[in-house]
Amino acid sequence: MRITRRTALAGAAATLAAPAGRSLRQRAAGKGLLYGSAVSADLLRTDPAYAALVALDCAIIVPEIEAKWAATEPEQGRFSFAGLDWMMDYARCHGMAVRLHNLAWGVYNPPWLAGALASGQAEDVLRHHVSAVAGRYAGEVLAWDVCNEPSDPRWNQADDLVNIGWKKALGAGYVDAAFAAAHAADPNALLFINDDLLEYEDAASQAKRDGYLRLLPRLLARGVPVQGFGLEAHLRPERKLAEKPYRDFLRELAGMGLVIHVTELDISDRTLPADVATRDRALAALARQFLDVVLDERAVRAVLTWGLTTRHSWLATAPEVARTDGLPPRGLPYDGLLQPTAMWRAIASALDHAPGR
Ligand code: 9MR
């Protein structure tokens with residue numbers, strides 16, 4: 001179904017469970033920020049109450065799946081753009097910006113890709129894919145996650161890059177090749193590296209921050225067009241945030257001229273007690289603590305949660321983040337019944353208290 005102004009308005013008219021007062025979108029806009037969420041084209045089409053909340057609160061969306069390799073090039077040279085085309089249309093009708101995710105990652109790749117990378121075609125395959133996918137939406141996209149989760153200190157790689165298929169085939173230069181192809185295909189999109197597990201006090205997070213402070217200057221010095229850094233922020237209440245080192249890290253990124261987006265904020269309540277009030281207090285406190293630190297940095301221009309409601313979220317299903325007692329998770333702005341959570345209120349309040357930019 002193509003989206004028209006009429007269907008867009010019908011969605012917005014569906015019963016809203018949203019809190020009275022200003023939406024997250026409006027609160028963010030007042031500070032020169034974009035608030036938004038990861039979304040699914042299928043769910044936007046089939047769940048009108050969810051779609052109405054997205055239309056209300058989001059000024060920016062990112063497809064959770066639709067722009068990944070397995071979705072866009074399921075067979076070599078055969079591209080599939082139905083989901084993404086629909087989503088770009090949806091964003092245009094609702095006046096939303098779009099982030100697209102992603103162009104080079106070690107996960108959610110189609111089965112044919114490993115063989116193609118191993119058989120010496122890697123550079124052609126990468127260039128062809130990036131030019132077809134990023135080229136199709138050129139001029140319409142605010143930001144592309146070009147390389148997703150390229151660094152992982154647990155692999156202890158001298159070049160700070162995790163050894164995925166792209167690196168095995170092309171060496172560390174796969175990052176250069178991906179960014180060059182993305183820039184050629186869509187010179188207007190901001191090109192990002194996006195990564196997780198950067199915010200804690202533990203040695204792994206510290207090593208990862210240090211790794212990026214080595215890697216990024218090297219990339220920039222050789223002219224790789226990295227323009228943004230995405231902080232995934234899949235937070236865990238049992239791990240302590242490294243407030244000061246994290247602030248310093250963000251300052252360093254800003255000092256390199258990078259735009260920063262919070263790209264995938266959510267909180268796993270897996271280790272919290274069952275009691276809803278206790279859980280909500282912990283989730284709200286952590287969301288607020290994290291956002292207060294991050295929003296103090298003026299290079300941060302967008303905050304996206306990885307989903308708007310736990311009705312549709314990996315927090316409910318993925319074994320590494322879901323609760324073991326089967327209770328529905330609460331670490332997103334709306335619960336499974338689309339009622340605003342304590343996290344909605346924490347995000348709203350953090351936006352209200354953020355310095356303008
Ligand atoms: O939430 C996404 C899940 O539905 C997919 O199955 C999975 C594999 O594509 O990716 C999940 O999203 C991930 C994102 O793309 C990158 N950062 C971590 C996210 C959660 O695993």
Side-chain angles (χ1 to χ4, degrees), residues 36-44 46-47 50 54 58 60-74 80 83-84 87 98-114 129 133-134 141 143-155 161-162 164-166 175 178 182 191-200 204-205 208 212 228-236 239 260-270 290 302-323 328-329 331-334 336:
S37 171
V39 293
S40 143
D42 280 349
L43 295 173
L44 286 171
T46 56
D47 185 343
Y50 155 75
V54 172
C58 295
I60 182 167
I61 53 175
V62 57
E64 185 166 349
I65 298 290
E66 288 84 344
K68 293 174 179 172
W69 268 75
T72 50
E73 196 176 355
S80 165
L84 262 188
M87 208 176 274
V98 178
R99 303 187 93 259
L100 289 180
H101 168 88
N102 57 63
L103 292 170
W105 191 21
V107 178
Y108 212 75
N109 289 320
W112 64 266
L113 186 62
H129 179 89
V133 181
V141 174
W144 259 110
D145 288 333
V146 177
C147 289
N148 197 48
E149 299 167 11
S151 160
D152 189 335
R154 286 170 299 188
W155 293 79
L161 292 170
V162 65
I164 57 172
W166 290 112
V175 174
L191 304 182
F192 275 64
I193 285 181
N194 186 52
D195 214 332
D196 65 350
L197 294 172
L198 289 153
E199 48 280 311
Y200 305 114
S205 269
K208 203 158 181 177
Y212 272 116
F229 196 91
L231 310 164
E232 290 190 9
H234 294 289
L235 302 181
R236 303 285 194 131
R239 297 175 77 170
I260 302 171
H261 289 174
V262 176
T263 53
E264 305 185 13
L265 175 63
D266 60 16
I267 310 181
S268 164
D269 58 6
R270 182 189 172 81
F290 173 76
V303 175
L304 291 91
T305 45
W306 201 240
L308 199 57
T309 155
T310 56
R311 178 186 282 191
H312 313 296
S313 166
W314 77 308
L315 292 177
T317 52
E320 67 272 31
V321 283
R323 294 182 64 85
L332 280 173
Y334 293 89

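Predicted, not measured: the structure shown is a model, and the values here were computed from it. Just follow the structure's listing: the first ligand is 1, and inside any ligand the first atom is 1.
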Contacts of Tyr200 meeting ring pair (Phe, Tyr, Trp, His ring centres under 6.0 Å) (sequence neighbours excluded), chain-then-number -> none
Are any side-chain N or O atoms of Trp306 and backbone N or O atoms of Glu232, one a donor and one an acceptor, separated by less than 3.5 Å?
no
Nearest atoms (heavy-atom pairs only) where Ser313 meets Thr309:
CB-O, 3.9 Å
Any N or O of Tyr108 closer than 3.5 Å to N or O of ligand 1
no
Would you say Glu149 has any N or O atom under 3.5 Å from an N or O of ligand 1, going by distance alone?
yes
Is the side chain of Arg270 donor-acceptor paired with the backbone N or O of Pro319 at a distance under 3.5 Å, no angle test?
yes
Ligand 1 atoms in contact with Asn148 (distance to a heavy atom under 4.0 Å):
16 (C)
In this structure, atom 21 (O) of ligand 1 is nearest to the protein heavy atom Trp314 CZ3, 3.4 Å
Here the atoms of ligand 1 under 4.0 Å from any heavy atom belonging to Trp105 are 9 (O), 14 (C), 15 (O), 16 (C)
Quick check: does Lys68 get an N/O under 3.5 Å from an N/O on ligand 1?
yes
Does the side-chain contact (heavy atoms from CB on, under 4.5 Å) test come out yes or no for Arg239 and Leu197, once each step is laid out?
CA-CA 10 Å; Arg239 297 175 77 170; Leu197 294 172; 3.6 Å; yes
For atom 6 (O) of ligand 1, what is the nearest protein heavy atom, given as residue, atom name and distance?
Ile65 CD1, 4.2 Å
When the side chains of residues 60-72 are checked against the rest of the protein, which donor-acceptor pairs come out under 3.5 Å, sequence neighbours left out?
from: Glu66; atom 1: OE2; to: Ala41; atom 2: N; distance (Å): 2.7
from: Lys68; atom 1: NZ; to: Glu64; atom 2: O; distance (Å): 2.9
from: Trp69; atom 1: NE1; to: Leu103; atom 2: O; distance (Å): 2.7
from: Thr72; atom 1: OG1; to: Lys68; atom 2: O; distance (Å): 3.2

Using heavy-atom distances, let me know which of Glu264, His101, Glu64 sits nearest atom 19 (C) of ligand 1.
Glu264
